[in-house]
Amino acid sequence: KTNTLTGTSTAGSIAVTAEGNSTTTNLQQGLCKVWISMDAGQTDNNSFNVSSISDEATGAHTINFNNDFSNIRHVPTMSPKESTGSSHGTAGADRIVGPSRVAPSASLLKVTSINLSNSLTDLAEIAVSIHGDLA
């Protein structure tokens, strides 16, 4: 049992042996630094490292981070989470969620959701996870 893991050569660097026992990966590099499950009504259903979310317009949201990334090169992964018969449409398969076209930021992520007709649309729920180096 432990509350703190510390590297032997660098305190903030822990190497983990990967499958096959022939390569290692850095534990900190592989951790998700931000994640959120949110809905179009600006409700943070569950999250990590998120200070707030805001509804900018139909299909446009901003996720603000508690702890900024060290640069703008973080990597977001997003998906619509709608089920058949939801109040915002049918299945999530006909929706697309992605980063907005505005300039990237180390302190926030702007998210846009559209339908296949290329119209902005609010979704019942959106899942976002982000990997990268924190400041």
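Separating the OG atom in S129 from the NZ atom in K33 is a distance of 12.0 Å, to the nearest 0.5 Å. Considering CG of L123 and CG of N115, their distance stands at 9.0 Å, rounded to 0.5 Å. Distance check, rounded to the nearest 0.5 Å: OG1 of T62 to CD of E56 gives 3.5 Å. For the atom pair NE2 (H131) and CG (L31), the distance works out to 7.5 Å, reported to the nearest 0.5 Å. Interatomic distance, OG of S54 versus NZ of K110, reported as 6.0 Å (0.5 Å rounding). I36 CD1 to E125 CD: the interatomic distance, rounded to the nearest 0.5 Å, is 10.0 Å.
In the hydrophobic clustering of this structure, L109 groups with V50; members are Ile, Leu, Val, Met, Phe, Trp, Tyr whose side-chain heavy atoms approach within less than 4.5 Å, directly or through other members. A single hydrophobic cluster is seen to contain both I130 and I126, as judged by linkage of ILVMFWY side chains at heavy-atom distances under 4.5 Å, directly or through other members.
S70 places a side-chain N or O within 3.5 Å of a backbone atom of D133 that can act as its donor or acceptor partner. Judged by distance alone, with hydrogens and angles left aside, the side-chain atoms of N49 form no donor-acceptor pair with the main-chain N or O of F65 at under 3.5 Å. A donor-acceptor pair is defined here as one N or O able to donate and one able to accept, closer than 3.5 Å; such a pair exists between the side chain of S113 and the backbone of T121.
Residue W35 shares its hydrophobic cluster (ILVMFWY side chains chained together at separations under 4.5 Å) with F48.
Between the side chains of S105 and S107, at least one donor-acceptor pair of N or O atoms lies under 3.5 Å.
Residues N67 and L134 share a closest heavy-atom pair of O-CD2, 3.8 Å.
At least one side-chain heavy atom of D122 sits under 4.5 Å from a side-chain heavy atom of H61. Looking at H74 and V34, their side chains never come closer than 4.5 Å, going by heavy atoms from C-beta outward.
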Quiz item: Under the side chain to side chain donor-acceptor pair (under 3.5 Å) criterion, do S37 and N46 qualify, and how do the steps go?
Solution: CA-CA 5 Å; S37 174; N46 203 356; over 6 Å; no
